[in-house]
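Structure first, then comments.
Quick note on labels: first sequence line is chain A, next is B, and so on, each numbered from 1. Quick caveat: nothing in here was measured; it's all calculated off a predicted structure.
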Protein chains: 2
Amino acid sequence: MKLCMIGARGHSYYVLKDLPVLNTVKLTAVASGDADPSNLLKRAEQWQPRAYADWREMLDREQPDILSVDGPFELHAAMCIEALKRNIHVFCEKPIALNLDDLAAIRKAYEGSSATIISMTAMRYEPAFYTAYQLMQTGRIGKVRLIQTRKSYKLGQRPDFYKKRSTYGGTIGWVGSHAVDWIQWFSGSKFATAMATQTTADNGDNGELEIAAQCLFTMKNGVLAQASIDFLRPANAPTHGDDRVRVVGSAGVVEVELGKVYLTDAEGFREITDLQQPERGFFEAFVGSIRGECAPPVSPDETFETTLACLKAQKAADERNIQEF
Amino acid sequence: MKLCMIGARGHSYYVLKDLPVLNTVKLTAVASGDADPSNLLKRAEQWQPRAYADWREMLDREQPDILSVDGPFELHAAMCIEALKRNIHVFCEKPIALNLDDLAAIRKAYEGSSATIISMTAMRYEPAFYTAYQLMQTGRIGKVRLIQTRKSYKLGQRPDFYKKRSTYGGTIGWVGSHAVDWIQWFSGSKFATAMATQTTADNGDNGELEIAAQCLFTMKNGVLAQASIDFLRPANAPTHGDDRVRVVGSAGVVEVELGKVYLTDAEGFREITDLQQPERGFFEAFVGSIRGECAPPVSPDETFETTLACLKAQKAADERNIQEF
């Protein structure tokens, strides 16, 4: 299988991480998607890919089977659509679209394509979250009732494209996609309603970038859920992100906090130290699913639903109303 | 000062706990407020109070200076109003009112009275929360931007009065008052908007009791806040409640989790083990404020505002809309 890559802004390192074990996948070419391709070329140099200035030309000439889309955020949708129209499987950085029109256009392209698409919501596969999911799946907390998630990032110095909605999309989608994906994943349900608050106040001269947001969701199966999203993690905190989930069931609670897993159930409260790893890497599992060897690590439907939920929550915050799905 | 007490359903043990150091306060009489006064009589027996079947008769005959109101929830408002009309200072279990009309009536009685009123939102004075507040107050986390709170209780076996709105009020007010009070306290602001979700599904045959609720608030000073409230704590968890707060500022984060305090700031992440205690007990500080010796542990305005925020959040969840303040 031939693989091409556009850009390396975000999670496309999952592709490069898994390439060494993917003997049937060959990285043939890269394009930056914007001005400077050096970042991706440098990261991928051991595979000696060809480099293109024009990503459309790359698709035409290379005719890849798989495309990694991780260039400018505002071009995700156009790149996904071009690839799907050419029946190229797409592994796209989250969020795949910055607005509802673009999302609808991607979905339409997907429905007319023989190819598949998933987003790089790979935090599902981090050991603590994966272990929490396995505990939930094996019935250790009973029926899921309530889900709380947290994504807290350090702000640091941000390139200018973070400062405008048109090139950034917004904090609920960019930071929050993982949190919203966990909600969908742990609840096993689609979204029913979204409410949200957000603020750009005191955002360190970062223009339209929302420094914090809070989202409430109800799920179609009755689960209540919440996502807390912010760029307020202190610069000297031990990790870039403080990523958490609390899944409350009828028979127990599983929590992920700072990379650790805690279970409260009929046996009391304790840390679960035996963390589990998925058999395959996130990109490896995507390739495996294309080859019919395994389920995808996240489905196209889940990819669309997470993107939709982020955009609806953002709309709720922008318009100060409640969004129905 | 003469003290009378009605009922012992909730936090009136704060009164009994502080009485031994309050030499100027004498507990003269108790009334149950409902059928069985034995609970309070037993708890208060060392002070040998008189017992009344009729709480109004107690007020008329005893003419107390202070009244502790901790009987049937649906009678809080009537008891507060009767006391305030008699210029008796009121120490009332939270929430002080189960609906907005009752709250308005209490406020009106307060405005026409020479007496004061506060609610028993005494979790402010628990060492971990009090220490977190001191850290915030001394500027350790900079300007407060985001507040998350959690109240999670074990459901256990509940008396029938929890099963009806008319006698229980609702979970956002009953469980959530502490969480909402923390939000007001740490933000130093009044509330601007409330949104909320709640559910009675799978509530263990507890009628109208909401098993879980999630609230979003914006504060008038721009702080975003959130309260997670549930009765889903497993029966074998080490404590009855899992009470948490996360206060995120421009220069740091202070968190209370399971009775411990954590600070993340320019010096990194660490537990703060030197927990601070208030100089006076919560009821002792209330008495002190009446005597002009100190500030009250919570003000009448804060008491009204916390009650209002709980009722507005409940209304938002009931009516599925956004409530403005």
Proximal component of A:Leu258, with respect to chain B [non-hydrogen, under 4.5 Å]:
side chain
Just so I understand: if I count every heavy-atom pair under 4.5 Å between each of B:Ala196, B:Ala235, B:Gly142 and chain A, which residue has the most?
B:Ala196
Chain B contacts, top residue of A:Ala237, A:Ala266, A:Gly249 (heavy-atom pairs, under 4.5 Å)
A:Ala266
Minimum-distance pair of heavy atoms, taken over all atoms of B:Pro234 and A:Val253:
CD-CG2, 3.8 Å
What part of A:Ile141 gets within 4.5 angstrom of chain B, counting heavy atoms only: side chain, backbone, both, or neither?
neither
Which residues pass the side-chain contact (heavy atoms from CB on, under 4.5 Å) test with B:Ala225, sequence neighbours left out?
B:Ile147, B:Ile183, B:Phe217
Scan chain B against chain A and return every donor-acceptor pair whose distance is under 3.5 Å.
unit_1: B:Lys143; atom_1: NZ; unit_2: A:Asp202; atom_2: OD2; d: 2.7
unit_1: B:Arg145; atom_1: NH1; unit_2: A:Asp202; atom_2: O; d: 3.3
unit_1: B:Arg145; atom_1: NH2; unit_2: A:Ala201; atom_2: O; d: 2.3
unit_1: B:Gln148; atom_1: OE1; unit_2: A:Ser228; atom_2: OG; d: 3.2
unit_1: B:Arg150; atom_1: NH1; unit_2: A:Glu255; atom_2: OE2; d: 3.0
unit_1: B:Ser152; atom_1: OG; unit_2: A:Arg246; atom_2: NH2; d: 3.3
unit_1: B:Ala201; atom_1: O; unit_2: A:Arg145; atom_2: NH2; d: 2.3
unit_1: B:Asp202; atom_1: O; unit_2: A:Arg145; atom_2: NH1; d: 3.4
unit_1: B:Asp202; atom_1: OD2; unit_2: A:Lys143; atom_2: NZ; d: 2.7
unit_1: B:Ser228; atom_1: OG; unit_2: A:Gln148; atom_2: OE1; d: 3.2
unit_1: B:Asp230; atom_1: OD2; unit_2: A:Arg246; atom_2: NH2; d: 2.9
unit_1: B:Asn236; atom_1: ND2; unit_2: A:Ala266; atom_2: O; d: 2.3
unit_1: B:Arg244; atom_1: NH1; unit_2: A:Glu257; atom_2: OE2; d: 2.9
unit_1: B:Arg246; atom_1: NH2; unit_2: A:Ser152; atom_2: OG; d: 3.3
unit_1: B:Arg246; atom_1: NH2; unit_2: A:Asp230; atom_2: OD2; d: 2.9
unit_1: B:Glu255; atom_1: OE2; unit_2: A:Arg150; atom_2: NH1; d: 3.0
unit_1: B:Glu257; atom_1: OE2; unit_2: A:Arg244; atom_2: NH1; d: 2.9
unit_1: B:Ala266; atom_1: O; unit_2: A:Asn236; atom_2: ND2; d: 2.3

